[in-house]
Amino acid sequence: MDLTGKNVVYLGGFGGIGQKACAQLLERQIKALAIFDLTLNEQLLAAWQAQYPNTDIFYQKVDITQKSEIEAAYKAAAERLGHFDVVVNGIGLMNDNFVELTIQINLLGLIQSSFIALEHMDKSKSGRGGVVINISSVAGIQPTPLMSVYSAAKHGVTAFTRGLGSAQFYEQTGVAFITVCPGFTDTPLLFDMMNKMTFKPRTTIDKHTHKVQSPEICASNLVKVIEQGKNGSVWLLELGEMKELDMPVMWRPTLQS
Ligand SMILES: NC(=O)c1ccc[n+]([C@@H]2O[C@H](COP(=O)([O-])OP(=O)(O)OC[C@H]3O[C@@H](n4cnc5c(N)ncnc54)[C@H](O)[C@@H]3O)[C@@H](O)[C@H]2O)c1
């Protein structure tokens with residue numbers, strides 16, 4: 001997709017990866033950027049509005065655990081923009097101390113947001129089609145025992161997004177669903193990792209014991225996925241590289257003869 005002149009909704013646009021991805025999107029001369037997030041970064045918003053006067057950039061407060069807030073934000077953005085071409089579900093929480101919240105924020109909220117986005121974008125209804133990018137994780141393709149709850153939520157994100165990325169749905173809705181799986185990325189999500197794990201590990205684990213990528217390079221590859229990714233594809237964004245994954249087929253239904 002050529003991003004020039006496109007309307008983009010970014011959920012989590014003021015987060016570590018989100019900020020850098022929004023900055024890259026603005027460089028692509030998009031027409032509008034709606035940022036849905038829990039808190040407003042007033043300074044950053046004002047700086048972007050001054051730097052990109054030809055792009056309509058605005059904020060909608062959303063607590064992703066509240067379906068009514070997600071619906072209200074999409075409704076307000078739709079009234080202002082008319083339609084969306086790209087939605088990025090980039091909100092996340094990594095803290096296995098909070099089991100329900102981890103599932104609510106990473107999985108349930110993302111599912112609700114995807115369905116509401118689809119209502120607006122589905123070309124078989126009143127939409128024009130487009131792309132929904134759901135941010136999963138390496139923990140969404142490989143179980144990570146240190147973060148078992150987060151990993152379960154992210155596996156859910158990968159499964160849900162691949163499900164909606166079926167060719168059959170795409171033909172009907174014109175909305176492509178793409179899964180993005182970043183590896184460790186240097187953002188606030190990784191702060192205080194030792195105290196956020198499923199069980200307290202015996203040895204220290206933090207961003208200094210593992211190689212991490214910068215949020216800039218992760219965001220740059222994320223934007224390339226929006227431009228190049230096909231419906232149903234799954235992308236690994238690890239240590240500055242991007243790679244489309246060939247997902248194994250573990251089971252197929254047996255049809256009645
Ligand atoms: N940083 C990493 O190592 C890493 C690795 C793999 C995947 N990811 C995923 O990338 C995405 C972005 O993460 P990040 O590293 O930029 O994290 P971050 O903590 O910097 O940003 C998280 C964003 O989510 C928002 N958020 C949190 N709770 C919310 C709520 N209840 N309602 C609305 N917004 C809420 C925050 O305001 C923030 O904008 C997440 O989905 C995360 O799981 C991150």
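Order of listing sets the numbers, starting from 1, for every ligand and every atom in it. In this text the structure is predicted, and so the values were computed from the model without any measurement. For the numbers below, each heavy atom of this structure counts, side chains included, while hydrogens, waters and symmetry mates do not.
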Heavy-atom contacts under 4.0 Å between F36 and ligand 1: side chain, backbone, both, or neither?
-> neither
Which bit of I105 is near ligand 1, meaning a heavy atom under 4.0 Å away: side chain, backbone, both or neither?
-> side chain
Ionic contact status for E238 with K243, cut-off 4.0 Å = no
What's the shortest heavy-atom distance between M121 and V132, and which atoms?
-> SD-CG2, 4.2 Å
Which of the atoms in ligand 1, numbered in the order shown and given with their element, are less than 4.0 Å from a heavy-atom of V62?
-> 32 (N), 33 (C)
Identify the closest protein heavy atom to atom 42 (C) of ligand 1: which residue and atom is it, and at what distance?
-> Y150 OH, 3.6 Å
Do other residues, nucleotides or ligands put more than 12 heavy atoms under 6.0 Å from the CZ atom of F160?
-> yes
Can you tell me the protein heavy atom closest to atom 16 (O) of ligand 1 and the distance?
-> I17 N, 2.8 Å
Just how far is it from atom NE2 of H120 to atom CD1 of I116, taken to the nearest 0.5 Å?
-> 7.5 Å
Could you tell me whether D56 and K31 have a side-chain N and a carboxylate O separated by less than 4.0 Å?
-> no
Within reach of ligand 1, part of L190 (heavy-atom separation under 4.0 Å) | side chain
Among all protein heavy atoms, pick the one closest to atom 29 (C) of ligand 1 and tell me residue, atom and distance.
-> I91 CG2, 3.8 Å
Under-4.0 Å salt bridge between K75 and E71 | no
Quick one: look up the protein heavy atom nearest atom 6 (C) of ligand 1 and list residue, atom name and how far away it is.
-> P182 O, 3.2 Å
What atoms of ligand 1 come within less than 4.0 Å of a heavy atom belonging to G12?
-> 39 (O)
Flag yes if more than 12 heavy atoms outside R28 fall under 6.0 Å of its CZ atom; otherwise flag no.
-> yes
Taking atom 20 (O) of ligand 1 as the reference point, the nearest protein heavy atom with its distance | G16 N, 2.7 Å
Counting each atom of ligand 1 from 1 as listed, which ones have a heavy atom of F184 under 4.0 Å away?
-> 3 (O)
Exceeds 12 heavy-atom contacts within 6.0 angstrom, atom CD of E241 = no
For ligand 1, does K154 get within less than 4.0 Å through its side chain, its backbone, both, or neither, judged by non-hydrogen atoms?
-> side chain
Heavy-atom neighbours of D246 CG exceed 12 at 6.0 Å = no
re atom 32 (N) of ligand 1, the protein heavy-atom contact at minimum distance is I64 N, 3.0 Å
Best match, G140, G92, G13, G15: closest heavy atom to atom 24 (O) of ligand 1 = G92
Backbone or side chain, does any N or O of S137 fall under 3.5 Å from an N or O of ligand 1?
-> no
Ligand 1 versus S136: contacting region, heavy-atom distance under 4.0 Å = backbone
Classify the angle between the aromatic ring planes of F14 and Y59 as parallel (below 30°), tilted (30 to 60°) or perpendicular (above 60°).
-> tilted
Any donor-acceptor pair under 3.5 Å from Q213 side chain to G240 backbone = yes
Just jot down the ligand 1 atoms closer than 4.0 angstrom to any heavy atom of F14, in number order.
-> 39 (O)
Of the listed options (D37, V138, I70), which comes nearest to atom 37 (O) of ligand 1 when hydrogens are ignored and any heavy atom counts?
-> D37
Does D63, backbone or side chain, put an N or O under 3.5 Å from an N or O of ligand 1?
-> yes
Just wondering, more than 12 heavy atoms not from Q228 lying within 6.0 Å of its CD?
-> yes
Polar contact flag, side-chain donor to acceptor under 3.5 angstrom, Y52-E27 | yes
Nearest protein heavy atom to atom 10 (O) of ligand 1, by residue and atom, and its distance?
-> I135 CG2, 3.4 Å
Of T187, L222, N106, the one whose closest heavy atom lies nearest atom 14 (P) of ligand 1 is T187
List the closest protein heavy-atom neighbour of atom 4 (C) of ligand 1: residue, atom name, distance to the nearest 0.1 Å.
-> L189 CD2, 3.7 Å
Would you mind finding which of G183, G90, A219 brings a heavy atom closest to atom 5 (C) of ligand 1?
-> G183
Axial cation check for F177 ring with R162, 6.0 Å and 45° limits | no
